[in-house]
Number of protein chains: 2
Amino acid sequence: MLSNSCKYAIRSVIYLALNSTVNKKIGSKEVALKLNMPQAFLAKILQELTRKHLISSTKGPKGGFFLTDENLNNSVLDIVSCVDGLDAFNVCFLGLRTCSSSKPCSVHHIVEPFKNDIFTQLSNNTITQFANDIRKGTYFISLD
Amino acid sequence: MLSNSCKYAIRSVIYLALNSTVNKKIGSKEVALKLNMPQAFLAKILQELTRKHLISSTKGPKGGFFLTDENLNNSVLDIVSCVDGLDAFNVCFLGLRTCSSSKPCSVHHIVEPFKNDIFTQLSNNTITQFANDIRKGTYFISLD
DNA sequence: ATTATAAAAGATAAAAAGGTCTTTAAATAA
DNA sequence: TTATTTAAAGACCTTTTTATCTTTTATAAT
Ligand code: FES
Ligand code: FES
């Protein structure tokens with residue numbers, strides 16, 4: 001459902017939420033290492049997120065990526081929207097031209113509630129909230 | 001979640017279930033036309049399904065694709081398994097190395113029930129049963 | 001000022017997915 | 001038996017995704 005790039009993006013942003021501050025910026029190298037992602041590829045993705053103001057960065061020594069309060073208040077769906085777009089939430093599981101309850105495919109009744117649930121979960125929660133749940137140990141984002 | 005090829009495959013097989021018999025074989029041309037799929041590409045997919053005995057075919061005049069009783073009793077998951085494999089049902093939505101309730105990602109509690117539901121729906125129902133629901137008008141597979 | 005550091009930019013490339021085209025083989029109808 | 005029809009096979013092409021490498025730019029520490 002989500003592209004590889006998008007998965008990398010989400011986990012990276014949460015990692016930054018958990019581990020960086022404006023005084024402790026983190027390089028793409030560390031993120032890639034800790035979350036087991038291809039470094040150069042991740043750098044590109046973070047670059048795009050920066051361009052779209054979903055994360056922040058500065059160059060040079062002690063530079064790197066970090067999240068401002070504004071960045072932290074974005075929803076995870078903002079990340080998805082930025083990297084993949086929102087098409088995935090509108091398409092039919094079996095490839096019908098449109099996904100709708102008036103002309104449902106054979107699995108629509110299962111798929112639609114799921115799409116709604118996941119959409120709600122991703123749009124109603126900020127990066128901070130996702131990060132907090134990781135901190136608490138409720139959920140996980142790394143691979144160890 | 002499913003590849004394009006797999007979506008084509010599922011809808012085609014259901015179309016064959018609804019419209020073909022051993023005495024009324026249907027060419028890839030008709031299926032492609034009726035379900036709005038690229039004909040040559042679909043031919044390749046049907047070819048593979050034939051090789052794996054999920055559908056049947058004969059060459060020559062009055063030849064084409066059709067389903068035997070045995071074919072009709074396959075589950076839709078058999079199609080998915082043949083075309084895409086079953087990986088999609090095991091991977092983590094956010095890209096963690098493993099998807100498990102013991103180390104869940106932030107959306108696991110939503111994704112896992114969905115994966116189970118859809119897996120059950122696809123594995124517990126035969127092609128015939130899917131076709132019957134279409135016949136009844138409960139669900140749809142074409143695009144008109 | 002100089003140097004070291006890290007992101008930005010951009011060119012390049014490998015792999016996978018999606019799709020087309022041509023030739024060959026099998027079956028049937030005439 | 002010949003012509004016709006349709007799937008099978010296989011070579012080829014395009015686009016998207018995933019990824020790497022090199023050069024440039026900004027920044028901060030010295
Ligand atoms: S119509 Fe197929 S998922 Fe909604
Ligand atoms: S751990 Fe992410 S979907 Fe199960």
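First the proteins, then the strands, lettered A, B, ... as listed; each starts at 1.
A:K115 places a side-chain N or O within donor-acceptor distance of the main-chain N or O of A:V91, the cut-off being under 3.5 Å. The backbone N or O of B:I26 lies less than 3.5 Å from no partner atom in the side chain of B:S20, so there is not a single donor-acceptor pair. The main-chain N or O of A:D84 is never found under 3.5 Å from a side-chain atom of A:S3 such that the two would form a donor-acceptor pair.
Residue B:Q39 places none of its side-chain N or O atoms closer than 4.0 Å to OP1 or OP2 of C:dT20. The phosphate of D:dT18 has OP1 or OP2 within less than 4.0 Å of a side-chain N or O from A:S5. Distances shown here put every side-chain N or O of A:T58 at or beyond 4.0 Å from the OP1 or OP2 atom of D:dA26. Between A:N4 and the phosphate of D:dT17, there is no side-chain N or O to OP1/OP2 separation shorter than 4.0 Å. Look at A:Y8 and you won't find any side-chain N or O under 4.0 angstrom from OP1 or OP2 of D:dT18.
A donor atom on one side chain and an acceptor atom on the other are found under 3.5 Å apart for A:N71 and A:T68.
Of all nucleotides listed (D:dA29, C:dA27, D:dA9), D:dA29 comes nearest to the side chain of A:K62. Which of D:dT25, D:dA8, C:dG18 sits closest to the side chain of B:F41 comes down to C:dG18. Here the nucleotide nearest the side chain of A:P38, chosen from C:dA7, D:dT20, C:dG19, is D:dT20. Here the side chain of A:S3 is nearest to one of D:dT4, C:dA8, D:dT18, namely D:dT18.
Comparing B:A40 and B:P61 along DNA chain C, the residue whose closest nucleotide (by nearest heavy atom) sits nearer the 5' end is B:A40.
For the pair A:I26 CD1 and C:dA7 C1', the computed distance is 15 Å after rounding to whole Å. Atom pair B:Q47:CD and D:dT6:P shows a separation of 16 Å (rounding to whole Å applied). If you take CD of A:E48 and C1' of C:dG10, they are 15 Å apart, rounded to a whole angstrom.
Evaluation of atom-type donor-acceptor distances gives a pair under 3.5 Å for the side chain of B:K44 against the base of D:dA9.
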